[in-house]
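Each remark here refers to the structure printed beneath this line.
As the structure lists them, so they are numbered: ligands from 1, and atoms in each ligand from 1. Note that the coordinates shown come from a computational prediction; the quantities given were computed from them, not determined experimentally.
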Amino acid sequence: MKVFKFGGASVKDAPAVQNVSRIIDSEKGNLAVVVSAMGKTTNLLETLVRSYFDKSEKKWEIFARFKTEHLAITENLFGEKGTSEPVLAQFTELEGKLRKNPSFDYDFEYDQIIGFGELVSSVILSEYLNFAGISNEWVDIRNCMKTDDRYRDATIDWEWTGELVPEVFNFENQRLYITQGFIGSTTTNLTTTLGREGSDFTAAILGNALDAESVTIWKDVPGVLSCDPKKMDGATEIAALSYREAVEMTHSGAQVIHPKTMKPLHNKGIPLYVKSFVNPEISGTVIHSIDHKIDLPPIFIFKENQVLITLTPIDFSLISIEDIDRVVIFLLEHRVRITLMQQSAIDLNLVLDSPDAHWEEIFNELKEFYTVRYNTGLTLITIRHYTEEVLDWMVREKDIYLEQHSRKTARMLVKQ
Ligand code: ASP
Ligand code: MG
């Protein structure tokens, strides 16, 4: 069997859903399809969560927009027949939720609402496939994707998920399943999410649990590129990458795939294809086990919105392991991601990636032990397989705040 994953851009409107259906139909073997919320729906639902939590009546306006946008798509898809019952049932359920008072746990409420993007898009895709004569079964992934209760960033219970997934996706009377990315559920069946952009990870988990022949992520680019064409000229397509290279690239900020996707596939040696839903015939990129050296061009990755903080102990003591330990744990508790760390005698420099963190509060707590200096709005540029020429060219006319080089990777934090 194979796993296909379609992201938001691939199902953003009716022609896009029809295109995805053609790609699904061209695969004749057993197939599990993971789909994300349509277009930018998750961003819209984030605003809905906020106003629901704040008990603002604006929630109804946002809900109406969510509903109208999807109904416009189903009208285009189903024509005369109109929207089907299972699609409407999702809106009714969300409406019921919005009528109730929120609890005091924002992250919990976030997960109870945000997943409707995936629920609705997967129902629409499944219903459309039926309408087009392509028989399939819609699966509520929460029945088998089991997690802990760390809302918004849940951890997979591998053992339980590994047992349940093959029971649900058993391919006994069905060769095609349509399900959601991004969501899971706790032991008590409350909805959780795997973190923004987590649908790729869902596809990899299914691939692992089902011993898939391959997993394919369908994108609006022809495969993995040497840089983001929106940010730099000269992007070249990369035909093959090792899991290791892919995890380094994506962890540095390459947005083509979620960094968590590689481990479940690496562990079972399952190849991951990145292909274009615009040109499905192009071979794209394969990420798999490569045990020989391959020549790769310099690969550029830009991670924007980084914050640099420099901590200096107030009493002029040297930076110790205890300092690092304390600061790292403190930041993790505030869900702040650390992208890079560098220390000198009395300075601890940390590059942080968390656009929505409460910096004021965080800095105030750190000020108890350290003098805190910080810069915001920085970009971390990572160059894998760098050459001296490339570095010289890169640093020209840039204000560099911090630099770090290892054998294959150069990193520089700049103000652009
Ligand atoms: N819809 C979710 C998001 O936008 C999950 C995903 O697309 O992977 O973050
Ligand atoms: Mg996405």
Quick one: do D107 and R152 make a salt bridge, cutoff under 4.0 Å? yes
May I ask whether E118 has any heavy atom positioned less than 4.0 angstrom from an atom of ligand 1? yes
May I ask you to check whether S199 has an N/O atom sitting below 3.5 Å from an N/O atom of ligand 1? yes
Output the list of atoms in ligand 1 that are nearer than 4.0 Å to some heavy atom of R196, sorted by atom number. 3 (C), 4 (O), 9 (O)
Does the K275 side chain pair with the main chain of T285, one donor and one acceptor, at a distance under 3.5 Å? no
Below 4.0 angstrom, N of the basic side chain to O of the carboxylate: do K12 and D220 qualify? no
Quick check: are there more than 12 heavy atoms from other residues, nucleotides or ligands sitting under 6.0 Å from NZ of K40? no
Which residue from G8, G198, S36 reaches closest to atom 7 (O) of ligand 1 through any of its heavy atoms? S36
